[in-house]
Amino acid sequence: MKETPTALLDCAENSVLDPAMTHQLSAYLGGRAVPFVDALLDDLPQSLQSMRDAASQSNFDAIRFHAHTIRGNCSNVGATTLVNLCEKIS
């Protein structure tokens, strides 16, 4: 089943994504909204692992860098909980 911007909106109602932001994404990106969100979500585990690796090495500059990157990506899709957590770190 091919996902549509409407599917993105339906999913956002029961997820960590801000429904208002997903509505804006769907309005702006149309059929490209789902692949856009998918790409950011696909990158998230590696970004989190990079931040964990930096933390294990007490590399605070790298921790802040990864937190800033994750925050920016999450703010683009309305993942406000992660945005708030990353703001505290960076």
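- In Phe36, the CZ atom is crowded: over 12 heavy atoms of neighbouring residues, nucleotides or ligands sit closer than 6.0 Å.
- A distance of 7.0 Å separates NE2 in His68 from OG in Ser90, rounded to the nearest 0.5 Å.
- A donor-acceptor pair is defined here as one N or O able to donate and one able to accept, closer than 3.5 Å; no such pair exists between the side chain of Asn59 and the backbone of Ala55.
- Between Ala54 and Ala62 the shortest heavy-atom distance is CB-CB, 3.6 Å.
- Ile63 approaches Ile89 most closely through the heavy-atom pair CG2-CG2, 3.6 Å.
- In this structure, the separation between OG on Ser26 and CE on Met21 is 11.5 Å, given to the nearest 0.5 Å.
- For the residue pair Gln57 and Asp53, no side-chain donor N or O sits within less than 3.5 Å of a side-chain acceptor on the partner.
- Hydrophobic clustering keeps Leu44 apart from Val83 (ILVMFWY residues linked when any side-chain heavy atoms are closer than 4.5 Å, directly or through intermediates).
- Between Leu29 atom CG and Gln24 atom CD the span is 11.0 Å, to the nearest 0.5 Å.
- Two residues are said to be in side-chain contact when any heavy atoms from C-beta on lie closer than 4.5 Å; Leu48 and Arg52 meet this criterion.
- Atom CD of Gln46 and atom CE of Met51 lie 12.0 Å apart (nearest 0.5 Å).
- By the 4.5 Å heavy-atom criterion applied to side chains, His66 and Ser47 are not counted as neighbours.
- Going from atom CG of Asp38 over to atom CZ of Arg32 covers 14.5 Å, rounded to the nearest 0.5 Å.
- Remark: side-chain polar atoms of Ser75 are paired, donor with acceptor, to backbone N or O of Gly72 under 3.5 angstrom.
- Under a hydrophobic-cluster definition in which Ile, Leu, Val, Met, Phe, Trp and Tyr are linked whenever side-chain heavy atoms come within less than 4.5 Å, directly or via other members, Leu25 and Leu40 are assigned to the same cluster.
- Every side-chain contact (heavy atoms from CB on, under 4.5 Å) that Leu41 has, sequence neighbours left out, goes to Val37.
- Grouping the Ile, Leu, Val, Met, Phe, Trp and Tyr side chains by contacts below 4.5 angstrom, directly or via other members, places Leu17 apart from Leu85.
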